[in-house]
Visitor: 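Questions regarding the structure given below will be posed in turn.
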Amino acid sequence: PSLEKDLLPLYFGWFLAKRDEDSLRKTSHEFLEQLGNLKAFKKRLLAYGYEDKHKLDLLKHFAKTPNILHCTAKFCDYGKAVGSEEYARQEVVKKSYSKGYTLHITALFATPRTVGARLELTEEQLLLWPLDAEREVMPKDSFPRGSRAHITLGTAAEVQDVQTGIDLLEFIKLQQAGREGESLGELTGSVAGKVSYFDNGMWMVNLSRKIEVKSIFSGYYG
Ligand code: 2AM
């Protein structure tokens, strides 16, 4: 046994392969462009803090985009976050490290704060999902495991990345309460699907064809 402790990363997660990352960035632009051009969206600009439809460019609104597109599995904060050592010590985490995984994107969503992709984790991927991932940010509600799984695609200035998963759980909470959202049109092409509106500037498109992206499970130490 070594006396030295393993270094813990800022977070463990699935990192998109370069080619799929480039293509998902394009898909994200396409989503924001089509969403921003919807008549229904233009009528509901106030939620985004704009009164004049000529002033809102969604691509500019989400000023920050992550350097590396990924789905965070466990945020460790180099070991400062609760449960990081226990997480890293798990056999399944060690054995999955640097293995390839296909991620399944089922929906894209935008709120005044964040834009993201909703993921449907496989049974195998759920083994790497922390038991308290949902409770950690929304302790008062209960969600199926993996509900928070997402890829942050962008955030508005002053908004932290961690907000994307909170926004996603907000959508799911409404859906669990039986709210389907208002059906307000369809997007086409690579982002084809029905658009639902959930008040307060919360938009989601359920993709007619899931988007698959290749990824590698690893740690980010930057
Ligand atoms: P994200 O997973 O929603 O994109 C580095 O900050 C990464 O860790 C980001 O990808 C960020 O959000 C995620 N992150 C930051 N704080 C977190 C937290 N408290 N819980 C889970 N993930 C967090």
Side-chain angles (χ1 to χ4, degrees), residues 7-18 20-22 24-25 27-29 31-32 58 61-88 90 93 96-97 101 103-122 125-173 201-204 211 213-222:
L7 281 176
L8 291 169
L10 178 59
Y11 59 91
F12 286 98
W14 291 274
F15 297 84
L16 269 60
K18 176 76 176 131
D20 290 0
E21 164 166 71
D22 290 345
L24 186 58
R25 286 191 199 272
T27 304
S28 172
H29 283 186
F31 168 56
L32 293 177
L58 278 180
H61 179 77
F62 296 109
K64 298 192 293 175
T65 52
N67 290 331
I68 317 172
L69 293 187
H70 65 275
C71 168
T72 305
K74 170 68 186 171
F75 181 70
C76 294
D77 201 7
Y78 309 108
K80 279 182 266 166
V82 182
S84 3
E85 271 181 56
E86 291 79 357
Y87 180 85
Q90 292 177 97
V93 171
S96 309
Y97 205 82
Y101 292 83
L103 301 175
H104 304 264
I105 300 172
T106 58
L108 300 170
F109 59 90
T111 75
R113 302 164 295 280
T114 66
V115 53
R118 179 181 188 175
L119 297 182
E120 186 175 73
L121 299 180
T122 63
Q125 291 160 3
L126 278 173
L127 297 174
L128 293 163
W129 193 251
L131 284 171
D132 63 349
E134 282 75 29
R135 212 165 36 230
E136 184 185 59
V137 286
M138 285 211 190
K140 293 203 196 102
D141 302 281
S142 70
F143 296 96
R145 290 197 57 214
S147 294
R148 187 183 169 189
H150 68 279
I151 298 168
T152 297
L153 298 171
T155 54
E158 320 285 321
V159 174
Q160 299 300 316
D161 282 356
V162 66
Q163 185 63 42
T164 316
I166 300 169
D167 285 356
L168 175 56
L169 289 181
E170 204 63 59
F171 279 101
I172 297 175
K173 192 166 135 179
M202 295 174 67
W203 297 84
M204 184 175 271
I211 297 174
V213 288
K214 295 204 186 70
S215 72
I216 291 185
F217 183 75
S218 185
Y220 180 83
Y221 292 85

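As the structure lists them, so they are numbered: ligands from 1, and atoms in each ligand from 1. One-based numbering along the sequence shown.
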Visitor: For ligand 1, is Glu136 a contact, meaning one of its heavy atoms is under 4.0 Å away?
Guide: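 The answer is yes: ligand 1 sits under 4.0 Å from a heavy atom of Glu136.
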
Visitor: Looking at ligand 1, would His150 count as a contact under a 4.0 Å heavy-atom criterion?
Guide: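 For ligand 1, residue contact (heavy atoms, under 4.0 Å) with His150 is present.
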
Visitor: In this structure, does ligand 1 have an atom that sits under 4.0 Å from one of the heavy atoms of Gln163?
Guide: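 It does not, in that no heavy atom of Gln163 comes within the 4.0 Å cut-off of ligand 1.
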
Visitor: Which of the numbered atoms in ligand 1 are under 4.0 angstrom from any heavy atom belonging to His70?
Guide: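 Close to His70: 9 (C), 10 (O).
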
Visitor: Closest by any non-hydrogen atom to atom 8 (O) of ligand 1: pick that one out of Tyr220, Phe75, Phe12.
Guide: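 Considering heavy atoms of Tyr220, Phe75, Phe12, the nearest to atom 8 (O) of ligand 1 sits in Phe75.
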
Visitor: OG1 of Thr164 to NE2 of His150: how many Å apart, nearest 0.5 Å?
Guide: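 Atom-to-atom, Thr164:OG1 and His150:NE2 are 4.5 Å apart.
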
Visitor: Check each of Val82, Ile68, Thr72, Val162 against atom 18 (C) of ligand 1 and report the one with the nearest heavy atom.
Guide: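 Residue with the shortest heavy-atom distance to the ligand atom: Val162.
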
Visitor: Which heavy-atom pair separates Ala117 from Ile105 by the least distance, and what is that distance?
Guide: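 In this case the closest contact between Ala117 and Ile105 is CB-CG2, 3.7 Å.
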
Visitor: At what distance is the nearest protein heavy atom to atom 20 (N) of ligand 1, and which residue and atom is it?
Guide: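 Heavy-atom neighbour on the protein nearest atom 20 (N) of ligand 1: Arg148 NH2, 3.1 Å.
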
Visitor: Only one of Tyr101, Tyr11, Phe75 passes ring pair (Phe, Tyr, Trp, His ring centres under 6.0 Å) with His70; say which it is.
Guide: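 For His70, the ring pair (Phe, Tyr, Trp, His ring centres under 6.0 Å) check succeeds only for Tyr11.
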
Visitor: Please could you name the atoms of ligand 1 that Thr152 approaches to less than 4.0 Å, counting only its heavy atoms?
Guide: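 The atoms of ligand 1 under 4.0 Å from a heavy atom of Thr152 are 1 (P), 3 (O), 4 (O).
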
Visitor: Using a 4.0 Å cut-off to any heavy atom of Tyr11, which atoms of ligand 1 qualify?
Guide: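 Answer for ligand 1: 5 (C), 7 (C), 8 (O).
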
Visitor: Closest non-hydrogen protein atom to atom 11 (C) of ligand 1, residue and atom name please, with distance?
Guide: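 Minimum-distance protein heavy atom for atom 11 (C) of ligand 1 reads Asp161 CB, 3.6 Å.
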
Visitor: For the NZ atom of Lys64 and the OG1 atom of Thr155, what is their distance to the nearest 0.5 Å?
Guide: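 It comes to 4.0 Å.
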
Visitor: What's the shortest heavy-atom distance between Phe143 and Ile172, and which atoms?
Guide: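 Shortest heavy-atom contact: CD2-CG2, 3.9 Å.
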
Visitor: Quick one: does Glu21's side chain have a donor or acceptor within less than 3.5 Å of a partner on Leu69's backbone?
Guide: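 Checked: pair present.
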
Visitor: Could you give the distance from CZ (Phe171) to CE (Met202), rounded to the nearest 0.5 Å?
Guide: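 Going from CZ on Phe171 over to CE on Met202, the span is 4.0 Å.
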
